[in-house]
2 protein chains.
Amino acid sequence: MNGQRERILSCACELYLKVGLDGFSMRKLARDLGVTAPSIYRHFEGREEVLGEVLREAHRTFSSYLFAALNEPTPLDRFIGAGEGYLNFVVQHPRWYGIMHTGIDHLGMGALPADIEAMQAGIQQFWMDRVRECIQAGILKDGDRELISVTMWAHAHGMVQLYHEGCFPGTEAEFRMLFKQSGTRMMVGVATDDFAVQLNQIVVDEATQLQD
Amino acid sequence: MNGQRERILSCACELYLKVGLDGFSMRKLARDLGVTAPSIYRHFEGREEVLGEVLREAHRTFSSYLFAALNEPTPLDRFIGAGEGYLNFVVQHPRWYGIMHTGIDHLGMGALPADIEAMQAGIQQFWMDRVRECIQAGILKDGDRELISVTMWAHAHGMVQLYHEGCFPGTEAEFRMLFKQSGTRMMVGVATDDFAVQLNQIVVDEATQLQD
DNA sequence: GTCTATAATCCGATAGAC
DNA sequence: GTCTATCGGATTATAGAC
């Protein structure tokens, strides 16, 4: 029966989301499944292969959050939609974001499976496409696309890491606000002069709102 | 003899820098010291107390890298000096930066020692002072100081995390360049209009340099 | 202050019976 | 396919001799 393999995988994802990478063990997985540990080795070569599947599921979920933005009508809408998808994902699934940023050595693997590397390449391509079409639409500066992408990536990733580390005191809703407000300011440096005017207007509006 | 305690601490820092947090064990520490594990428990209550001292040393070193910038003459020089100190620290001491961003639960502690919390508060105060005096000097926008600080913090931390994860392909020197170039763009959004002109001039100069 | 010996838990993985 | 039994290793930490 091949359904058993899928039952193990489903249970493995659940276990990882509950206890994290360091707490994830074959013995606990067996206990949750209601079997003994050696049984799992009939379906998987070892812990490494199971974790590979968990990592695969993380990438699948992340991709679905991002790629939903492709249904939006304009480059700007797709860019904003992708940003909101990213924000929703990291807030709702911190463990899955975590395993995607865990070194392969810590996962006990020598190298990433080819299909996971392909998914990573697809995600990177997705972001580069958003940057490219926002440049064509006159929203982002027509310059070094890689550098523009890095600046936005680093800001977003840093915000998320600091939030997950507990460096921001507020609630989840307050973090979402902070993420967007900070993102607006960061964007000013990579936007065209015309679009920067609109972004700065948002900043001013926020300031006057706070005064009321 | 109290010198033994200091010898253990020195060796503990060395061991942590070599093998990281997960590889750090009392047995390895004892082996490096040339004694057996139970001996260490005459000087320390347990692994948690030793790691607390390692974390303390990390904060001391980080602070020394930052606070050296206080010798600079102007607010802008102090700000740039602090940024360069930060960059030097994270490049030269990734493990120490790492333990400073490790949750206390992962360190096996219930709460941070009061003096370490005080050092963290001092570092945060240092950055807020840099922001405050750069606002007074007409370099940064006169707005929400906390938000300006968060934007810069997130960008810097994100750049470092991605670098340490191996997400940037280049050399260390190329990363230092990337950090500064990306930082310049990020700064445009939090700078005054006057200072943003200077920052954008740097961006243009870089672009024309690349064309040659 | 350091040692030996050991308790008490964990872990991944395998052999071989059923 | 699952089980029992086990190997071989890791860890923190303690008891008690010297």
Side-chain angles (χ1 to χ4, degrees), chain A residues 1-55 95 98-99 102-113, chain B residues 1-55 95 98-99 102-113:
Chain A
M1 189 82 74
N2 209 348
Q4 185 69 334
R5 183 183 165 97
E6 289 182 15
R7 195 173 78 90
I8 294 174
L9 288 182
S10 168
C11 204
C13 288
E14 213 173 310
L15 177 62
Y16 165 73
L17 291 176
K18 190 171 62 185
V19 302
L21 184 61
D22 291 349
F24 184 92
S25 74
M26 299 296 269
R27 295 167 118 92
K28 285 182 191 168
L29 177 56
R31 187 172 43 72
D32 286 1
L33 284 163
V35 298
T36 57
S39 305
I40 303 175
Y41 289 84
R42 289 283 151 185
H43 303 273
F44 293 91
E45 202 167 334
R47 183 176 185 262
E48 168 190 339
E49 191 188 347
V50 179
L51 284 177
E53 293 284 0
V54 174
L55 183 60
R95 297 263 200 218
I99 200 173
T102 298
I104 52 175
D105 53 336
H106 201 310
L107 293 172
M109 306 192 210
L112 280 184
Chain B
M1 188 83 73
N2 209 349
Q4 186 68 334
R5 183 183 167 97
E6 289 182 16
R7 195 173 79 91
I8 294 174
L9 288 182
S10 167
C11 205
C13 287
E14 215 173 308
L15 176 62
Y16 166 73
L17 291 177
K18 191 171 60 186
V19 301
L21 184 60
D22 292 348
F24 183 93
S25 73
M26 299 297 268
R27 294 166 115 91
K28 286 182 189 167
L29 178 55
R31 187 172 44 72
D32 286 1
L33 283 162
V35 298
T36 56
S39 305
I40 303 174
Y41 289 84
R42 288 284 152 183
H43 303 274
F44 293 91
E45 202 167 333
R47 184 177 185 261
E48 168 190 338
E49 191 188 348
V50 179
L51 285 177
E53 294 282 358
V54 174
L55 183 60
R95 296 264 202 217
I99 200 174
T102 298
I104 51 175
D105 53 337
H106 201 309
L107 293 172
M109 304 191 213
L112 280 184

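Given the structure is predicted, the values throughout are model-derived calculations rather than measurements. Labels below follow one simple rule: chain letters A, B, ... track the order of the sequence lines, proteins then strands, and each chain is numbered from 1.
Protein atom NE2 of A:His106 is 15 Å distant from nucleotide atom P of C:dC11, rounded to whole Å. Summarising the geometry, the separation between CG on B:Leu29 and C1' on D:dT11 is reported as 14 Å, rounded to the nearest angstrom. Atom P of nucleotide D:dA13 and atom CD1 of B:Ile40 are separated by 11 Å, given to the nearest angstrom. Here C:dA13 presents its P atom at 16 Å from NE2 of A:His43, a figure rounded to the nearest Å. Distance, A:Met26 CE to D:dT2 P: 13 Å, rounded to whole Å. Atom NZ of A:Lys28 and atom P of C:dT9 are 15 Å apart (whole Å). Regarding A:Asp22, its CG atom lies at a distance of 15 Å from the C1' atom of C:dG12, rounded to whole Å. Per the geometry, CZ belonging to B:Arg31 stands 18 Å off C1' belonging to C:dT2, to the nearest Å.
In this structure, B:Arg47 contributes its side chain and B:Ser25 its backbone to no donor-acceptor pair below 3.5 Å. B:Tyr16 places no side-chain N or O within donor-acceptor distance of the main-chain N or O of B:Leu55, the cut-off being under 3.5 Å. Put simply, the side chain of A:Ser39 gets close to the backbone of A:Thr36: a donor and an acceptor are under 3.5 Å apart.
You'll find that the side chain of A:Tyr41 is closest to C:dG12, out of C:dG12, D:dA13, C:dT2. In this structure, the nucleotide among D:dT2, D:dT4, C:dG1 sitting nearest to the side chain of A:Pro38 is D:dT4. The listed nucleotides are C:dG12, D:dC3, C:dT2; the one nearest the side chain of A:Ser39 is D:dC3.
Each of A:Arg27 and A:Arg42 was matched to the nucleotide of DNA chain D holding its nearest heavy atom; the match closer to the 5' end belongs to A:Arg42. Annotation: of the two residues near DNA chain C, A:Glu48 and B:Val35, the 5′-most nearest-nucleotide partner is B:Val35.
Regarding contacts with the backbone of D:dC3, a side-chain N or O of A:Thr36 is found under 4.0 angstrom from either OP1 or OP2.
Here the straight-line distance linking atom CG of A:Leu29 with atom CG of A:Leu9 works out to 9.0 Å at 0.5 Å rounding.
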